[in-house]
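One structure is given below, encoded as structure tokens.
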Amino acid sequence: NIFLALPLLFLLLHFILVKCDITDGNVEHLKREHSLMKPYQGVGSSPSSQWDFWGSTLVTSSYVRLTPDERSKQGSIWNTVPVYLKDWEMHVQYKIHGSGKKNLHGDGIAIWYTKERLNPGSVFGSNAKFHGLALFIDTYHNDEAADRSFPYISAMVSNGSLPYDHGNDGRTSELGGCSSEIRNKDHDTYLAIRYSKGRLTVMIDIDDKNEWKECIDIGGVRLPTGYYFGASAATGDLSDNHDIISMKMYQLMVEHTPDEDSLDWTKIEPSVSLLKSPKDNIDDPTGNFRSTPLTGWKVFLLLLCALLGIVVCGVVGAVVFQKRQERNRRFY
């Protein structure tokens with residue numbers, strides 16, 4: 001009976017994982033007004049352009065280079081069209097590369113969904129205070145006391161009151177993150193940011209296997225509509241080429257309750273409801289914590305462990321039962 005139930009169990013696991021997958025990029029839901037793609041025609045060259053750029057940014061037919069591999073450069077590119085989607089997913093193809101050896105490169109790229117746009121500053125080429133969501137691909141280790149591997153990807157939500165602290169790599173305001181070896185890859189590297197029904201999920205694809213891996217998964221996130229997408233980068237005493245190849249925005253088809261639909265989503269204040277304050281990351285070297293229900297992979301692992309436990313118990317029970325039967329036959 002146990003083995004007859006295995007196909008049904010694996011079918012259930014497959015359904016769970018499919019439900020948790022990042023979108024496959026269905027072109028029907030691609031929002032071109034919020035997407036940046038080759039050959040970048042008309043970017044920043046006319047009043048009707050949907051993307052503006054600033055600083056050291058160089059637009060070619062193959063990539064948008066936010067900074068060259070030179071010291072003290074800043075650059076950014078921003079969508080000029082505000083996003084009024086409640087549920088969305090942004091796929092970013094990027095490349096960070098340069099001549100710097102291990103720990104001798106910097107600083108990294110930031111992906112923004114914010115109220116402000118083209119607002120230069122000290123945090124990866126943009127302002128440390130912002131309203132909205134920021135995702136940091138940090139390639140330089142500023143806080144020597146922290147026990148984590150770089151490059152490091154982290155997320156932050158702010159209502160403008162809390163600045164990003166570059167000195168400690170944003171640990172006091174970080175929602176979650178992961179280490180990721182993304183520099184000087186010979187293949188494409190990707191990042192997917194999904195926001196749907198108050199849940200923020202960040203996935204990475206850096207191994208040239210066409211597979212998403214979870215980096216961040218946080219519930220209780222509130223983001224308004226009407227904000228702008230952008231990307232920025234900076235170099236300091238150390239440098240790298242920071243390239244954006246594409247930014248593709250997808251609308252997620254999600255049903256909301258009547259109460260949710262009646263809200264004025266442009267008036268929502270960016271916030272996160274956590275069981276644990278982001279500042280507690282100071283005592284958590286990995287920066288990883290979950291305050292939300294189990295993800296698909298965690299459910300899969302738990303069910304797999306439970307399945308193995310049942311099988312082992314069944315086998316052990318069958319062996320014990322057989323030995324008892326043999327012993328009983330010897331008495332008769």
Grouping I, L, V, M, F, W and Y whenever their side-chain heavy atoms are under 4.5 Å apart, do [X] and [Y] come out in a common cluster?
X	Y	answer
Leu36	Val92	yes
Leu135	Ile245	yes
Val157	Leu85	yes
Val202	Phe124	no
Ile109	Leu175	yes

Close side-chain approach of [X] and [Y], heavy atoms under 4.5 Å:
X	Y	value
Thr189	Tyr94	yes
Ser173	Leu162	yes
Ser76	Trp54	yes
Lys197	Glu260	yes

Output field: ring centroids [X]/[Y] closer than 6.0 Å:
X	Y	answer
Phe229	Trp112	no
Phe136	Tyr164	yes
Tyr113	Trp88	yes

If you look at every heavy atom in [X] and [Y], which pair is closest and at what distance?
X	Y	result
Thr235	Pro68	CG2-O, 4.0 Å
Gly236	Asp107	N-OD2, 3.9 Å
Ile204	Cys178	CD1-SG, 4.3 Å
Thr67	Gly75	CG2-N, 4.1 Å
Gly44	Ser49	N-OG, 2.7 Å
Ala155	Leu200	CB-CD2, 4.2 Å

For the side chain of [X] and the backbone of [Y], is there at least one donor-acceptor N/O pair under 3.5 Å apart?
X	Y	answer
Asn159	Ser161	yes
Trp78	Asn119	no
Gln74	Gly121	yes
Ser126	Val123	no
Arg117	Asn79	yes
Lys95	Asp186	no
Ser180	Ile182	no
His242	Ile96	no
Trp51	Ser35	yes
Thr225	Lys86	no

[X]-[Y] side chain donor-acceptor pair, cut-off 3.5 Å:
X	Y	value
Asp261	His256	no
Ser46	Ser48	yes
His131	Thr114	no
Thr257	Asp259	no

From [atom1] ([X]) to [atom2] ([Y]), nearest 0.5 Å:
X	Y	atom1	atom2	answer
Glu116	Tyr228	CD	OH	11.0 Å
Ile153	Cys215	CD1	SG	5.0 Å
Lys129	Ser158	NZ	OG	8.5 Å
Leu118	Phe53	CG	CZ	10.5 Å
Ser72	Asp237	OG	CG	6.5 Å
Ser271	Arg222	OG	CZ	5.5 Å

> What do the steps show when you test Arg194 against Asp87 for salt bridge (charged side-chain N to carboxylate O under 4.0 Å, His left out), and what is the final call?
Replying inline: CA-CA 8 Å; Arg194 167 184 279 195; Asp87 304 89; over 6 Å; no
Salt bridge flag under 4.0 Å for residues [X] and [Y]:
X	Y	result
Lys248	Glu89	no
Asp205	Lys213	no
Asp208	Lys185	no

> What do the steps show when you test Lys73 against Glu70 for salt bridge (charged side-chain N to carboxylate O under 4.0 Å, His left out), and what is the final call?
Replying inline: CA-CA 7 Å; Lys73 298 293 184 181; Glu70 300 174 10; 3.8 Å; yes
>> Apply side-chain contact (heavy atoms from CB on, under 4.5 Å) to residues Thr201 and Ile216 and explain how you reach the verdict.
In response: CA-CA 5 Å; Thr201 307; Ile216 301 168; over 6 Å; no
> Does CG belonging to Asp264 count more than 12 external heavy atoms closer than 6.0 Å?
Replying inline: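 Buried by this count: over 12 neighbours within 6.0 Å.
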> Yes or no on side-chain contact (heavy atoms from CB on, under 4.5 Å) for Met249 and Val83, after CA distance, side-chain angles and deciding distance?
Replying inline: CA-CA 10 Å; Met249 173 71 165; Val83 177; 3.7 Å; yes
> Is there a ring pair (Phe, Tyr, Trp, His ring centres under 6.0 Å) between Phe150 and His141 once you walk through the steps?
Replying inline: CA-CA 6 Å; Phe150 277 69; His141 201 171; 4.5 Å; yes
> Among Asp138, Asp69, Asp243, Asp240, which residue meets the salt bridge (charged side-chain N to carboxylate O under 4.0 Å, His left out) test with Arg183?
Replying inline: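 That would be Asp240.
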> Between His91 and Trp212, does a ring pair (Phe, Tyr, Trp, His ring centres under 6.0 Å) hold up when you go through it step by step?
Replying inline: CA-CA 11 Å; His91 290 195; Trp212 293 113; 5.4 Å; yes
>> One pair to check against side-chain contact (heavy atoms from CB on, under 4.5 Å): Ile111 and Ile193. What are the steps and the verdict?
In response: CA-CA 9 Å; Ile111 308 298; Ile193 309 167; 3.9 Å; yes
> Going through the distances and angles, do His97 and Asn184 end up as a side chain to side chain donor-acceptor pair (under 3.5 Å)?
Replying inline: CA-CA 5 Å; His97 57 107; Asn184 287 337; 5.1 Å; no
>> If you apply the rule side-chain contact (heavy atoms from CB on, under 4.5 Å), what do you find for Val43 with Val64, and how did you get there?
In response: CA-CA 10 Å; Val43 173; Val64 175; 6.0 Å; no
